[in-house]
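None of the values given here were measured: they were computed from a predicted structure. Chain identifiers are assigned alphabetically (A, B, ...) following the order of the sequence lines, protein sequences preceding nucleic acid strands; residue numbering begins at 1 within each chain.
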Number of protein chains: 2
Amino acid sequence: MKTRERILYKSLELFNELGEPNVTTLLISDELEISPGNLYYHFKSKSDILINLFAWYENEMGALLEVPDGILDIEDQWFFLHLIFETIAKYRFIYNDVVHLIKQHESIRVRFNRIVKKKQHASLKILKSLKKEERLNATDDEIEALCENIVQTATFWLSYSVLSDAQLPDDSLARGVYQVISLVAPFLGKEQRDQLNELKTAYL
Amino acid sequence: MKTRERILYKSLELFNELGEPNVTTLLISDELEISPGNLYYHFKSKSDILINLFAWYENEMGALLEVPDGILDIEDQWFFLHLIFETIAKYRFIYNDVVHLIKQHESIRVRFNRIVKKKQHASLKILKSLKKEERLNATDDEIEALCENIVQTATFWLSYSVLSDAQLPDDSLARGVYQVISLVAPFLGKEQRDQLNELKTAYL
DNA sequence: GTCTATAGGAAGATAGAC
DNA sequence: GTCTATCTTCCTATAGAC
């Protein structure tokens, strides 16, 4: 692996573990056993590293959010949400720091906002096709509020779960998925609510 | 107002506006037109200021969470939640920074966690009495998941709403209250769902 | 591409006079 | 209680040799 890439991977690891503001360029270079000067040969600033990592995240999450066409079964939703949560976990420093990140980098505010909009759009799409298929029983107002709650929960579940347990426990992804589906469940038919319970016992 | 108090109020204001890590002791003293030395006469460190503000928050939120006995009507819930959201808004630097705050101050982790537990306990209490009165129709599993979602939404709604709008808009508190009640609504009877819609048109 | 050395600056905190 | 002056430390970033 080229040095440039090694720097990015190590930064991601350290940002996630310690939070971006607590990771110095010196720490990154130390951990990689290269000189700080070398790091600055590859990146002109610490922000530069951050922006590059954000671009990674943006691409991965963006790609995921393209596909939610024809996701109808609870199991498909479970799987889809799990992929979303994995991506969030992979770049959790962004989520833990959002408010600061967007305050300090206007460009990130715009781009992160675009992702949030895409998430809302994806959930709306799924909910509307569920309604069309008469599997979901909800008014338009209810769907709108539900949509916001889904995205909000997906966005901050991991931050929330860190509050109780210092470490990120293994099952907290599955738990997040379960929480999101619980939001939709009361609007579903009996059959699908039972299916959710099965999934719960299987994964939690 | 004594200098000590003025420092705390100004710090709270600046922490909320800029985020705690971006507020220096020099900035605080500048804004108050006192010397940095004077600030350090009253507080032995920046953390010391933070811990004091956290204690304020802890007291106010703790007091609020003592009372949710006999809250049954949607309107009472609306009012109660509004008080909660106001307190969160007042100390929003804590919520925007939770993950860092608890990583850097173990004592805050424990204390914030205690508040979260109290919040869960309060919602559980309300939900259980609603069920007992047969106004709420949900299984124990559903109530448990609902409870988590309520607290999660209440905790991070403000951070979430900052993502789309740079400023905190006036109605975002009411919007947060509405989102939380929307979580409960599908488990309520028709009469109370209508009541929620009335409240929505009244406040949003 | 990589190193060493160091500039330049900001932030937290203290000493001592008034 | 409050001020000025200053110390120390830490961090980002650059210069210049190899």
Side-chain angles (χ1 to χ4, degrees), chain A residues 1-55 93-94 96-97 99-108, chain B residues 1-56 93-94 96-97 99-109:
Chain A
M1 194 159 40
K2 297 267 179 243
T3 304
R4 193 189 146 85
E5 266 201 307
R6 290 180 61 223
I7 294 171
L8 286 172
Y9 279 109
K10 182 56 80 180
S11 303
L12 176 56
E13 187 187 324
L14 292 170
F15 285 178
N16 279 337
E17 193 183 337
L18 305 170
E20 180 269 330
N22 304 314
V23 177
T24 67
T25 48
L26 202 70
L27 176 62
I28 301 171
S29 51
D30 266 10
E31 289 270 316
L32 289 169
E33 290 176 341
I34 63 173
S35 68
N38 192 355
L39 185 147
Y40 277 95
Y41 169 78
H42 291 283
F43 295 93
K44 73 171 203 294
S45 68
K46 194 181 151 187
S47 291
D48 192 17
I49 298 179
L50 188 110
I51 303 282
N52 271 277
L53 287 177
F54 188 84
F93 78 96
I94 296 177
N96 290 340
D97 283 302
V99 182
H100 290 145
L101 244 49
I102 63 178
K103 276 206 174 135
Q104 263 146 28
H105 307 267
E106 175 65 15
S107 71
I108 288 193
Chain B
M1 195 160 38
K2 298 267 178 242
T3 304
R4 192 189 147 85
E5 265 202 306
R6 290 179 61 224
I7 294 172
L8 286 172
Y9 278 109
K10 182 56 81 179
S11 302
L12 175 57
E13 187 187 324
L14 292 170
F15 286 177
N16 279 337
E17 193 183 337
L18 304 169
E20 178 268 331
N22 304 313
V23 177
T24 67
T25 48
L26 202 70
L27 177 61
I28 301 171
S29 51
D30 266 11
E31 290 269 317
L32 288 169
E33 291 176 339
I34 63 172
S35 68
N38 192 355
L39 186 146
Y40 278 95
Y41 169 77
H42 290 283
F43 295 93
K44 72 170 203 293
S45 69
K46 195 181 151 188
S47 292
D48 191 17
I49 299 179
L50 189 111
I51 302 281
N52 271 277
L53 287 176
F54 188 84
W56 282 9
F93 79 95
I94 295 177
N96 290 339
D97 283 303
V99 182
H100 290 146
L101 243 48
I102 64 178
K103 276 204 176 137
Q104 265 146 27
H105 308 267
E106 175 65 14
S107 70
I108 288 193
R109 201 182 79 76

| Would a 4.5 Å heavy-atom cut-off, applied to side chains only, mark A/F43 and A/L8 as touching? | yes
| query | Does some side-chain heavy atom of A/D48 sit less than 4.5 Å from a side-chain heavy atom of A/S45? | reply | yes
| task | To the nearest 10°, let me know how far the axis at one end of the helix from C/dG1-D/dC18 to C/dC18-D/dG1 is tilted from the axis at the other, five pairs an end. | result | 10°
| task | Any chance you could lay out the side chain to side chain contact (heavy atoms under 4.5 Å, CB included) test for B/L26 and B/L39, step after step, and finish with the verdict? | result | CA-CA 9 Å; B/L26 202 70; B/L39 186 146; over 6 Å; no
Between [atom2] on [N] and [atom1] on [X], what's the gap in Å once rounded to a whole number?
| X | N | atom1 | atom2 | result |
| --- | --- | --- | --- | --- |
| A/R6 | C/dT2 | CZ | P | 9 Å |
| A/L39 | C/dT4 | CG | P | 14 Å |
| A/F43 | C/dT2 | CZ | C1' | 15 Å |
| A/I7 | C/dG1 | CD1 | P | 11 Å |
| A/N22 | D/dC10 | CG | P | 14 Å |
| A/K2 | C/dT2 | NZ | C1' | 14 Å |
| A/E33 | C/dC3 | CD | C1' | 15 Å |

Quick check: closest heavy atoms across [X] and [Y], and the distance to 0.1 Å?
| X | Y | value |
| --- | --- | --- |
| A/L14 | A/V23 | O-CG2, 3.4 Å |
| B/L101 | B/I94 | CD2-CA, 3.9 Å |
| A/L32 | A/R6 | O-NH2, 3.3 Å |

| said: Less than 4.0 angstrom between a side-chain N/O of A/N38 and OP1 or OP2 of C/dG1, yes or no? | reply: no
| Quick one: is A/T3 getting a side-chain N or O under 4.0 Å of the C/dT2 phosphate, OP1 or OP2? | yes
| task | If the plane angle is over 60° it's perpendicular, under 30° parallel, otherwise tilted; pick one for B/W56 and B/Y9. | result | tilted
| task | Please say which of A/Q104, A/K103, A/H100 ends up in a side chain to side chain donor-acceptor pair (under 3.5 Å) with B/N22. | result | A/Q104
| remark: Given protein heavy atoms under 4.0 Å, the one-letter contact record of nucleotides 13-18 of chain D, with B base, S sugar-phosphate only and - none, is simply BB----
| request: Would you classify B/S35 as touching base, sugar-phosphate or nothing, given that sugar-phosphate means primed atoms plus P, OP1 and OP2, and contacts are heavy atoms under 4.0 Å? | output: base
| query | Below 4.0 angstrom, N of the basic side chain to O of the carboxylate: do B/E13 and B/K10 qualify? | reply | yes
